[in-house]
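Below is one structure, written out as structure tokens; comments come after it.
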Amino acid sequence: MTENTQQTPDSAPELPTQYAPAAVEGPLYERWVERGYFTADAKSDKPAYTIVIPPPNVTGSLHLGHAFQHTLMDALTRRKRMQGFEALWLPGMDHAGIATQNVVERELGKEGVSRHDLGREAFTERVWQWKEEYGGKILGQMRRLGDGVDWSRERFTMDEGLSKAVQTIFKKLYDDELIYRAERIINWCPRCLTAISDIEVEYQDDDGELVSITYGEGEDTLVVATTRAETMLGDTAVAVHPDDERYAHLIGKRIKLPLTDRSIPVVADTHVDPEFGTGAVKVTPAHDPNDFAIGQRHGLESMTVMDERGVITVHGPFLGLDRFEARSAIVGALRAEGRIVAEKRPYVHSVGHCSRCKTTLEPRLSMQWWVKVEPLAKAAGDAVRDGKVQIHPADMSKRYFDWVDNMHDWCISRQLWWGHRIPVWYGPDGETVCVGPDEQPPAGEGWTQDPDVLDTWFSSGLWPFSTLGWPEKTPDLEKFYATDVLLTGHDIIFFWVARMMMFGLYAMDGEPPFHTIALTGLVRDQFGKKMSKSSGTAVDPLDWMNEYGSDAVRFTLAKGANPGTDVPIGEDWVQASRNFANKIWNATRFALMNGATVEGELPPAEELSATDRWILSRLNAAIAEADAYYDDYQFAKLTDALYHFAWDEVFDWYVELSKTTFMGGGEPAKVSARVLGEVLDVTLRLLHPVMPFVTEALWTTLTGKESVVVADWPKDSGFRDAGAETEIENLQQVITEVRRFRSDQGLQPGQRVPAKLDLSGTSLAAHEGAIRQLLRLQPAEDGFHATATLTIAGATVALDLSGTIDVEAERKRLAKALAAAEKDKAQCTAKLGNEAFLAKAAEAAVEKIRTRLSKAEADIERITAQLEGLPKG
RNA sequence: GGGCGCAUAGCUCAGCGGUAGAGCGCCGCUCUUACAAAGCGGAUGUCGGCGGUUCAAAUCCGUCUGUGCCCACCA
């Protein structure tokens with residue numbers, strides 16, 4: 001596109017007038033990786049800064065939520081790297097037990113093969129193959145995003161080293177009696193055919209029906225209400241409240257269980273709410289957690305009536321029926337016997353579903369492995385209470401405490417094949433042996449290993465240290481543990497964060513896995529609604545990256561990152577960020593065309609113009625502000641501040657003001673070129689962690705240096721110049737006001753107007769050229785006749801509009817402004833006349849009002865003068 | 001049933017005790033030493049309702065309404 005390039009001086013490189021991210025980003029990323037910028041050195045003398053990535057599922061692909069969190073983690077590590085830390089951002093993947101097994105099973109299903117046809121060994125082999133071929137798509141996408149991760153340290157939770165970590169900690173917990181095996185009611189997925197833990201259950205309100213059934217015969221009857229009639233086959237008691245007089249006469253008696261030849265006892269238990277339903281509860285210890293507890297208290301038998309697929313196993317008319325078929329069949333049979341008292345009633349209640357496949361879960365009595373969480377959770381809570389670990393934003397810690405302080409034991413065994421197999425062998429005489437990583441499993445006749453694998457979160461709980469080589473005392477572990485920040489969504493505080501805390505403190509002798517937990521919100525669409533694949537509102541971030549560039553996507557995400565709150569994002573906003581990238585591009589292009597440079601020392605302040613001192617003062621303030629926001633994980637404020645500093649102050653005002661200087665040429669132009677070079681250099685470095693690509697392309701061009709990735713992070717020199725800031729603010733006011741006047745007068749922006757300036761009473765004399773340039777004011781020639789005279793900040797601007805002035809429009813505008821100023825004056829006067837205010841208000845507040853008052857008075861004077869200066873109409 | 005949060009411009013959100021803000025959108029006018037993905041100017045809000053504290057409240061307290069999320073063994 002040759003017509004798209006502009007002629008530039010020989011020395012300046014030619015840049016197209018529009019930033020084309022696609023051409024720039026890919027090669028830059030590969031160059032960074034080749035040069036090893038992201039590879040951390042455990043032997044380095046620099047202080048370490050470590051973030052481990054929340055390992056995406058091996059089955060996953062990049063979605064906006066990843067893009068969001070990755071942007072923030074990348075920004076944090078990039079900045080720390082620039083600040084001179086040995087920064088490590090460690091990537092990797094999670095084997096994601098159930099999720100992956102399901103994917104591969106589905107694949108096999110297409111070939112008409114089940115995993116059982118293959119057998120365990122061949123099946124897991126198949127999963128590994130699948131992993132090699134299709135897994136880790138997201139890792140490639142991370143390159144596109146610009147993630148500066150250390151690829152040499154990429155880990156997978158099923159790696160040999162990490163598997164060893166799993167076995168090591170299992171053994172340690174087992175030996176410390178923090179892991180045990182017990183038969184309990186667990187959440188069972190009849191489709192995945194495995195137990196899942198409490199937090200893997202998704203509750204939703206389902207429509208059910210409450211049916212009332214008469215139990216017993218003759219005098220000894222009562223009515224129970226249930227939504228799960230099919231489990232009555234396994235009832236081993238009816239429970240009533242001990243104080244419930246309606247049933248007092250039945251307590252201790254046995255009554256007949258309908259449809260069976262069994263009779264069951266009536267027991268008294270305070271768990272029963274006499275207000276609910278009929279106040280009598282059927283008790284099925286093998287199929288309901290509450291009933292199981294009641295069974296324990298009363299020594300009841302547990303009768304399992306369904307198999308692992310939810311099919312009735314009790315001999316009789318219902319044998320072989322699926323649980324839902326059985327439900328209606330049993331209700332039908334009861335009705336035939338006249339035992340359905342009232343007609344069934346629609347009833348909405350919360351039902352657990354498998355978080356992986358959405359199947360309705362079946363509580364099931366079964367033998368599983370458990371982690372005794374109490375001591376671990378206590379330590380995890382204390383670490384935050386003691387301030388060893390900080391949670392950002394702080395109010396999220398309440399949620400964390402609620403969880404760790406009330407945690408139930410964690411069911412860790414899964415009836416799956418894909419995962420870390422439980423390192424326990426059972427002997428022929430009922431022995432149980434837990435095998436450590438360096439031990440041989442017991443050999444000989446009759447010994448078998450537990451067939452189950454561990455919950456996928458068991459291994460991810462070790463992630464912050466297993467990835468660094470634990471249980472070996474590796475240099476990596478020494479250097480990079482504890483990690484600095486754990487940045488993740490608040491949706492996995494319990495799944496992952498709490499588990500890492502427990503395991504980290506336990507395995508690393510009380511040293512927590514990270515010092516800071518930075519919790520982010522979830523990404524939403526532009527109306528704040530959840531994005532979902534099914535409704536088609538989910539966006540593939542790659543589409544946006546392809547169209548607008550990765551920097552634009554990243555900047556937009558960071559701009560939405562108010563701590564802990566959800567992040568809405570719409571395509572319009574990505575466009576706005578793309579525009580910002582383009583603005584940076586063009587501003588730098590302009591600078592290069594005018595010889596902007598970073599060569600040579602910056603002249604001392606006393607040799608600089610007020611404009612230069614002003615921008616350098618603002619620049620250093622911007623550095624300080626950026627640092628404060630970075631340190632506080634305030635990405636929305638950070639990006640907002642940088643956006644406005646760069647666009648408004650540098651690209652609009654400073655660049656526009658500098659044009660006059662450049663046109664003048666000579667030494668001032670050289671100084672300006674140096675200052676502009678400095679300002680851009682720093683601004684690009686400040687933006688680099690969030691927008692790595694444009695900034696790299698421009699910064700290397702501007703400075704001729706190797707890469708901004710390894711540049712120093714800007715330091716606030718402490719330079720501030722309040723005088724220059726005031727001066728430029730006045731200048732801005734003069735320009736803005738005259739522009740408004742021009743606009744109100746219907747003058748076209750480019751139209752030149754003869755004008756006389758009187759800047760004698762101000763500090764703006766040096767800016768006359770700039771004022772004339774920016775306001776398109778021509779020198780006054782013979783016959784100049786001022787038709788409008790504006791007085792702003794002590795400066796007088798007389799314009800000759802040759803009789804074309806719209807006096808009425810101007811009078812109206814001024815009258816409005818005058819009214820506003822007078823109102824302001826009145827407000828301030830009232831305040832300053834208020835003794836209570838003067839007595840109690842802070843000095844700064846009073847001073848502010850005084851300033852405001854004097855400004856209002858000046859405005860009134862100015863506007864009055866202008867009104868008087870208007871031609872009589 | 002418990003807990004937490006949110007209600008501010010058409011939309012998405014900042015501000016959290018001293019003159020109501022941003023981005024996008026909207027209305028004018030413009031190719032002007034980079035950038036029309038731009039420039040300049042403009043309009044737009046009883047800061048959810050009602051009470052209270054205060055010299056001063058979008059900001060603190062109470063209450064109501066609406067809304068979102070988390071937790072819980074709602075037969």
Side-chain angles (χ1 to χ4, degrees), chain A residues 6 8 15 17-19 185 203 210 224-228 239 271-273 276-284 288-293 347-350 363 395-396 398-399 402-403 406 490-491 493-494 522 524-528 548 559-560 562 564-570 572-573 575-594 636-637 640 643-644 651-652 655-656 659 662-663 736 739-744 746-751 773-774 776 820 823-824 827-828 830-831 834-842 844-846 848-849 852 855-856:
Chain A
Q6 186 110 356
T8 54
L15 298 175
T17 57
Q18 277 195 356
Y19 173 49
I185 292 276
Y203 286 94
L210 198 60
V224 300
T226 182
T227 53
R228 302 198 57 212
H271 166 76
V272 179
D273 175 6
F276 188 93
T278 59
V281 187
K282 61 191 275 307
V283 181
T284 323
D288 182 277
N290 294 320
D291 294 4
F292 182 75
Y347 181 68
V348 177
H349 60 144
S350 179
D395 38 311
M396 278 284 179
K398 182 158 173 32
R399 216 188 260 190
D402 283 348
W403 170 257
N406 299 297
H490 61 68
D491 54 330
I493 299 178
F494 313 139
L522 277 18
R524 301 304 182 102
D525 71 13
Q526 59 190 307
F527 307 110
Y548 304 111
K559 209 154 188 303
N562 288 118
T565 64
D566 288 347
V567 184
I569 181 169
D572 287 358
W573 308 342
Q575 279 174 17
S577 300
R578 181 269 317 265
N579 296 354
F580 180 49
N582 190 236
K583 187 75 185 177
I584 301 169
W585 179 267
N586 273 298
T588 309
R589 214 171 122 250
F590 167 84
L592 292 169
M593 284 164 57
N594 286 286
K637 293 196 170 82
D640 191 63
Y643 179 94
H644 284 111
F651 304 154
D652 280 346
V655 162
E656 290 304 321
K659 281 179 181 172
F662 286 133
M663 280 185 292
T736 304
R739 273 176 178 163
R740 192 181 298 151
F741 172 79
R742 288 184 51 123
S743 178
D744 288 345
L747 292 177
Q748 296 192 335
Q751 189 175 330
Q773 165 69 15
L774 292 179
R776 315 280 137 182
K823 186 179 159 201
D824 216 29
Q827 272 179 9
C828 293
K831 280 221 149 160
N834 182 333
E835 278 171 36
F837 168 68
L838 291 175
K840 289 188 187 173
V846 180
K848 222 169 161 180
I849 301 289
R852 207 177 116 199
K855 187 171 172 295

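Hydrogens, waters and symmetry mates are skipped; everything else that's a heavy atom, side chains included, is used. Just so we're on the same page: letters track the sequence lines, and every chain starts at 1.
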Specify the closest pair of heavy atoms between A:N582 and A:Q18, including all atoms of both residues, with the distance to one decimal. ND2-CA, 3.5 Å
Between B:A75 atom P and A:Y203 atom OH, what is the distance in whole Å? 10 Å
With sugar-phosphate meaning primed atoms plus P, OP1 and OP2, does A:V272 contact a base, only sugar-phosphate, or nothing at under 4.0 Å between heavy atoms? base
Does A:T736 reach a base, just sugar-phosphate, or nothing at all? Heavy atoms under 4.0 Å. sugar-phosphate
Do any side-chain nitrogens or oxygens of A:N579 fall under 4.0 Å of OP1 or OP2 in B:A38? yes
What heavy-atom pair brings A:P749 and A:R776 nearest, and what distance separates the two atoms? O-CG, 3.3 Å
Is the phosphate of B:U30 approached by A:Q748 (side-chain N or O, under 4.0 Å from OP1 or OP2)? yes
Which residues share a ring-ring contact (aromatic ring centres under 6.0 Å, His included) with A:W403, sequence neighbours left out: A:F494
Rounding to an integer number of Å, can you tell me how far A:F837 CZ sits from B:C55 P? 12 Å
Using the C1' atom as the reference point in each nucleotide, state the distance between B:C55 and B:U46 in Å, no decimals. 22 Å
Contact class for A:K583 (heavy atom, under 4.0 Å): base, sugar-phosphate, or nothing? base
Within 45 degrees of the axis of the six-membered ring of A:F590 and under 6.0 Å from its centre: does A:K659 put its NZ or CZ there? yes
What is the distance, rounded to the nearest whole Å, between atom CG of A:N594 and atom C1' of B:C35? 14 Å
Based on Watson-Crick and G-U pairs with both distances under 3.5 Å, what dot-bracket line describes RNA chain B 5' to 3', crossing pairs as [ ] and inter-strand pairs as |? ((((((((.[[[[.)..(..]]]].(((((.......))))).....[[[[[..)....]]]]])))))))....
Without decimals, in angstroms, what is the distance between A:F292 CZ and B:A75 P? 19 Å
Nucleotide nearest A:R578 (side chain, heavy atoms from C-beta), chosen from B:A75, B:G18, B:A37: B:A37
Whole angstroms only, please: what is the CZ-P distance between A:R524 and B:G5? 18 Å
Atom-to-atom span, CG of A:N406 to P of B:C71 - whole angstrom: 13 Å
Which heavy atom of A:K282 sits nearest a heavy atom of A:D291, and at what distance? O-OD2, 3.3 Å
Side chain of A:F276 (C-beta onward), nearest among B:C55, B:A75, B:U19: B:A75
Gap in Å between the two P atoms, one belonging to B:G10 and one to B:C27, rounded: 16 Å
Least distance between heavy atoms, A:I849 atom then A:F837 atom: CG1-CZ, 3.9 Å
Is there side-chain contact between A:I584 and A:F651, with heavy atoms separated by less than 4.5 Å? yes
Which part of the nucleic acid, if any, lies within contact of A:H271, taking any heavy atom under 4.0 Å across all strands shown: a base, the sugar-phosphate backbone alone, or nothing? base
Side chain of A:R739: nearest nucleotide among B:C40, B:G18, B:A75? B:C40
Spell out yes or no: do the side chain of A:K840 and the base of B:C55 have one donor N/O and one acceptor N/O closer than 3.5 Å? no
NA contact type, A:E656, heavy-atom cut-off 4.0 Å: base, sugar-phosphate, or nothing? base
Between B:A75, B:G41, B:G23, spot the one nearest the side chain of A:Y643, thanks. B:G23
A:H349 vs A:L210 side-chain heavy atoms within contact, under 4.5 Å: no
Of the listed nucleotides (B:A34, B:A38, B:A75), which one gets closest to any side-chain atom of A:K659? B:A34
Counting any heavy atom closer than 4.0 Å, what does A:Y19 reach on the DNA or RNA strands: base, sugar-phosphate only, or nothing? base
Base of B:A34 paired with side chain of A:Q18 (donor-acceptor, under 3.5 Å): no
Can you tell me, in whole Å, how much space there is between the C1' of B:C35 and that of B:U30? 15 Å
To the nearest angstrom, the CG-P distance between A:L838 and B:A56 comes to 14 Å
Just the rounded figure in Å: distance from C1' of B:A37 to CG of A:D572. 13 Å
Any side-chain heavy-atom pair of A:H490 and A:D566 under 4.5 Å: yes
With a 4.0 Å cut-off on heavy atoms, is A:R776 in touch with a base, just the backbone sugar-phosphate, or nothing at all? base
Determine the interatomic distance between P on B:A72 and the same-named atom on B:C60; round to the nearest Å. 31 Å
Scan A:A839 against the nucleic acid and name what it touches under 4.0 Å (heavy atoms): base, sugar-phosphate only, or nothing. nothing
A:R589 has its side chain closest, among B:C74, B:C35, B:C29, to B:C35
Determine whether a donor-acceptor pair (one donor, one acceptor, N or O, separation below 3.5 Å) exists between the side chain of A:K637 and the base of B:A14. no
What's the gap between B:C47 and B:A20 when it is taken at their P atoms, as a whole Å value? 11 Å
Of the candidates B:A75, B:A38, B:G39, the side chain of A:D652 sits closest to B:G39
Check whether any side-chain heavy atom of A:Q751 sits under 4.5 Å from a side-chain heavy atom of A:R742, and report yes or no. yes
Both A:Q827 and A:F662 contact RNA chain B. Which one's nearest nucleotide lies toward the 5' end? A:Q827
Which one, B:A75, B:G23, B:A34, comes nearest to the side chain of A:A576? B:G23
What nucleic acid atoms does A:A841 come within less than 4.0 Å of, heavy atoms only: base, sugar-phosphate, or nothing? base
Which of these nucleotides, B:C4, B:C29, B:A75, is closest to any side-chain atom of A:P749? B:C29
Between A:K831 and A:D402, which residue's closest nucleotide on RNA chain B lies nearer the 5′ terminus? A:D402
Winner on side-chain proximity to A:P568, out of B:U12, B:C35, B:A34, is B:U12
Please determine whether a side-chain nitrogen or oxygen atom of A:R742 lies at a distance below 4.0 Å from atom OP1 or OP2 of B:G41. no
What's the gap between B:C50 and B:G28 when it is taken at their C1' atoms, as a whole Å value? 42 Å
Could you tell me whether A:D288 contacts a base, only the sugar-phosphate backbone, or nothing, with contacts defined as non-hydrogen atoms closer than 4.0 Å? nothing
For B:G49 versus B:U8, give the span between their P atoms, rounded off to a whole number of Å. 10 Å
Using the C1' atoms only, state how far B:G68 lies from B:C26, rounded to an integer number of Å. 30 Å
With a non-hydrogen cut-off below 4.0 angstrom, is A:T227 in contact with a base, only sugar-phosphate, or nothing? sugar-phosphate
Considering all heavy atoms of both residues, which atom of A:N562 and which atom of A:A636 are nearest to each other, and what is their separation? ND2-CB, 3.3 Å
Is there a donor-acceptor contact under 3.5 Å from the side chain of A:D288 to the main chain of A:T284? no
